[in-house]
Amino acid sequence: MPHPQILALGEALLEFNAAAEGSLADAAAFHLGFGGDTSNMVIAARRSGASAGYLTRVGDDAFGRALLRLWESEGVDVRHVTGEPGGSTGIYFVTRHGEGRHAFTYRRAGSPASRLSPGDVPEEAVAGARLLHLSGITQAISASACDAAFHAIDVARRSGTLVSYDPNYRPALWPPERARAVVLRTAELADVVLPNLEEGRLLTGLDEPREVLAAFARRGPSIVVLKMGADGVLLGTGGQVTHVPAHPVTAVDATGAGDTFDGAFAARLLDGDSPLQAAGYAVVAAALTTTGPGAVGPIPHLHTVLAEGSPTWRGGGRRGD
């Protein structure tokens with residue numbers, strides 16, 4: 001069986017999304033869903049036409065089995081998903097507090113994924129993939145998971161596999177000094193870096209978007225995409241910076257939009273699109289993800305995104321120094 005084009009390493013969780021606005025204590029009903037940034041990424045990549053596999057650990061509990069069913073139904077390669085006997089798969093709760101405001105409560109301490117280690121990394125699969133995707137969250141959940149991420153990067157670089165990296169900085173998970181050191185070092189080792197503007201500002205100490213992008217670009221990746229939500233993205237590649245505007249939608253829930261961008265961008269890049277064309281496609285995919293609740297359900301399929309159209313795919317966008 002051939003290796004998938006994309007292999008992501010990280011943690012997946014079960015999502016409990018409150019059915020009505022209010023605090024977690026007042027929530028009477030929840031919609032069950034799925035989350036985890038790298039899991040969202042591989043599902044988005046699959047729905048955009050790429051073959052994708054996932055490397056993680058889950059419990060042998062009902063939540064772990066539900067995640068396995070999800071990935072199998074999406075066509076995600078699960079050969080490197082380990083079921084941990086007695087392990088408790090991580091979960092999180094989402095509550096809404098007014099328009100556009102969400103709160104997240106996690107129960108993930110000691111999860112099987114936090115026990116990822118370099119020994120879990122399938123070197124042949126990393127070497128056989130065209131792109132390895134990693135996240136700062138994976139590096140933050142434990143020292144051993146961080147070591148696993150760096151080991152996978154080392155294998156990828158030795159094998160000619162592209163490395164895609166989303167810092168996905170969560171201040172609650174690790175001290176800012178360690179986060180900054182790990183993220184910036186990883187950016188030096190990656191080919192594609194995909195920060196959002198808020199975390200980019202926190203990690204670089206800079207404010208202006210083009211300066212934030214330039215700070216990451218100086219680390220050496222060939223492509224930097226700065227995700228700016230409703231303001232679209234800045235794409236930096238080949239010494240050029242291009243603004244790709246957001247796709248207009250009526251947003252309901254932005255959960256997982258950045259992860260969808262990552263997966264859609266990778267899928268189109270591997271299919272032969274230029275970075276600008278891939279970014280134009282991915283901003284549409286990310287926007288469509290916000291039109292429904294939850295992280296996974298609204299992720300669009302290739303035909304849906306193509307039906308929306310985008311001038312960027314035909315070489316649009318605004319270039320500047």
Fill in: Qualifying salt bridge (Lys or Arg N to Asp or Glu O under 4.0 Å) pairs with a residue from residues 4-18, counting only residues at least two apart or across chains
E11-R108
Worksheet item: Any side-chain heavy-atom pair from I141 and W174 closer than 4.5 angstrom?
Response: no
Discussion item. Can you pull out every ring pair (Phe, Tyr, Trp, His ring centres under 6.0 Å) where at least one residue sits in residues 63-94? Sequence neighbours excluded, please.
Written reply: F16-F63, F16-F93, F30-F93, Y54-W71, Y92-Y106
Discussion item. Using 0.5 Å steps for rounding, measure from the OG1 atom of T38 to the CG atom of N168.
Written reply: 9.0 Å
Discussion item. Looking at S48 and A267, would you say the former's side chain and the latter's main chain have a donor-acceptor pair under 3.5 Å?
Written reply: no
Fill in: Residues T291, T250; criterion side-chain contact (heavy atoms from CB on, under 4.5 Å); working and verdict
CA-CA 6 Å; T291 61; T250 300; 5.9 Å; no
Response to the item:
Minimal heavy-atom distance between P118 and S144, with the atoms involved, is CD-O, 3.9 Å
Discussion item. Is it the case that the side chain of T290 and the backbone of A287 share a donor-acceptor pair, with hydrogens and angles ignored and the cut-off at 3.5 Å?
Written reply: yes
Discussion item. Do R65 and L70 have side chains that approach each other closer than 4.5 Å (heavy atoms only, starting at C-beta)?
Written reply: no
Fill in: side chain to side chain contact (heavy atoms under 4.5 Å, CB included) partners for P4, two or more places apart
S51, D77, R79
Worksheet item: Quick one: OG1 on T255 to CZ on F104, what's the gap to the nearest 0.5 Å?
Response: 4.0 Å
Worksheet entry | side chain to side chain contact (heavy atoms under 4.5 Å, CB included) partners for A149, two or more places apart | L134, Q139
Discussion item. Any heavy-atom pair between the side chains of T82 and P112 that's under 4.5 Å?
Written reply: no
Item to complete: Using side chain to side chain donor-acceptor pair (under 3.5 Å) as the criterion, list what pairs up with S159, not counting sequence neighbours.
Response: none
Worksheet item: Taking only residues two or more places apart in sequence or in another chain, which ones pass side chain to side chain contact (heavy atoms under 4.5 Å, CB included) with P300?
Response: T260, A285, L288, T289, T304, V305
Discussion item. Once side chain to side chain donor-acceptor pair (under 3.5 Å) is applied, do any residues pair with H151, and if so which ones, sequence neighbours excluded?
Written reply: E123
Discussion item. Taking D231's backbone N and O only, do any of them form a donor-acceptor pair with H243's side chain (distance below 3.5 Å, no angle check)?
Written reply: yes
Item to complete: Can you tell me which residue pairs pass the salt bridge (Lys or Arg N to Asp or Glu O under 4.0 Å) test with a partner in residues 161-179, sequence neighbours excluded?
Response: D166-K227
Worksheet entry | Worked verdict on D26 versus S23 for side chain to side chain donor-acceptor pair (under 3.5 Å) | CA-CA 5 Å; D26 295 329; S23 69; 3.0 Å; yes
Discussion item. Is the shortest side-chain heavy-atom distance between L235 and V241 below 4.5 Å?
Written reply: no
Fill in: Closest approach of L67 to L13 (non-hydrogen atoms, all atoms of both residues)
CD2-O, 4.0 Å
Discussion item. Using 0.5 Å steps for rounding, measure from the CG atom of L269 to the OG atom of S164.
Written reply: 9.0 Å
Fill in: Side chain proximity check, L213 to P209, heavy atoms < 4.5 angstrom
no
Item to complete: For the residue pair F216 and L226, establish whether any side-chain heavy-atom pair is separated by less than 4.5 Å.
Response: no
Worksheet, complete the sentence: One should read off an interatomic distance between L184 CG and T204 OG1, to the nearest 0.5 angstrom, of 8.5 Å
Discussion item. Tell me if the CZ atom of R115 is crowded by more than 12 foreign heavy atoms within 6.0 Å.
Written reply: yes
Worksheet item: Is there a donor-acceptor contact under 3.5 Å from the side chain of T89 to the main chain of G64?
Response: yes
Worksheet item: If you take all heavy atoms of A44 and G263, which pair is closest and at what distance?
Response: CB-CA, 4.1 Å
Discussion item. Going by salt bridge (Lys or Arg N to Asp or Glu O under 4.0 Å), name the residues that satisfy it together with D37, two or more places apart in sequence or in a different chain.
Written reply: none
Worksheet item: How far apart are the C-alpha atoms of Y281 and L302, what are their side-chain angles, what is the distance that settles it, and do they pass the side-chain contact (heavy atoms from CB on, under 4.5 Å) test?
Response: CA-CA 9 Å; Y281 173 93; L302 175 65; 3.5 Å; yes
Item to complete: Examine distances only and state if a side-chain atom of T161 and a backbone atom of A129 form a donor-acceptor pair shorter than 3.5 Å.
Response: yes
Worksheet item: Would I223 and V193 satisfy side-chain contact (heavy atoms from CB on, under 4.5 Å), going step by step from the backbone distance to the final call?
Response: CA-CA 6 Å; I223 299 172; V193 180; over 6 Å; no
Item to complete: Over all heavy atoms of both residues, which pair between I6 and A50 is shortest? Give the atoms and the distance, please.
Response: CD1-CB, 3.9 Å
Worksheet entry | Other residues, nucleotides, ligands: >12 heavy atoms within 6.0 Å of E124 CD | no
Worksheet item: Do M228 and V233 touch side chain to side chain, with heavy atoms closer than 4.5 Å?
Response: no
Discussion item. Listing request: all salt bridge (Lys or Arg N to Asp or Glu O under 4.0 Å) pairs with a residue in residues 42-60, at least two apart in sequence or in separate chains.
Written reply: R47-E74, R57-E84, R57-D120
Practice prompt. May I ask you to decide if L270's main-chain N or O and R130's side chain share a donor-acceptor pair within less than 3.5 Å?
Written response: yes
Worksheet item: Backbone N or O of G294 within a donor-acceptor pair of the D253 side chain at under 3.5 Å?
Response: yes
Worksheet item: Roughly how far apart are L131 CG and D191 CG, rounded to 0.5 Å?
Response: 8.0 Å
Item to complete: Using the side-chain contact (heavy atoms from CB on, under 4.5 Å) rule, take Y165 and V192 through it: C-alpha gap first, then chi angles, then the decisive distance, then the call.
Response: CA-CA 6 Å; Y165 179 62; V192 181; over 6 Å; no
Discussion item. So which atom in P195 and which in V224 form the shortest heavy-atom distance, rounded to 0.1 Å?
Written reply: CD-CG1, 4.3 Å
Response to the item:
Sorted by chain and number, sequence neighbours left out, side chain to side chain contact (heavy atoms under 4.5 Å, CB included) with R185 holds for F150, E188, L189
Discussion item. Quick one, L68 and V78 - any side-chain contact, counting heavy atoms below 4.5 Å?
Written reply: yes
Fill in: Residue pairs passing the side chain to side chain donor-acceptor pair (under 3.5 Å) test where at least one lies in residues 193-203, sequence neighbours excluded
R201-D207
Discussion item. Donor-acceptor check, side chain of R180 to backbone of L203, threshold 3.5 angstrom: yes or no?
Written reply: yes
Worksheet item: Roughly how far, to the nearest 0.5 Å, is OG of S111 from CD1 of I91?
Response: 11.5 Å
Worksheet entry | Carboxylate-amine/guanidinium contact D154 R158, below 4.0 Å | yes
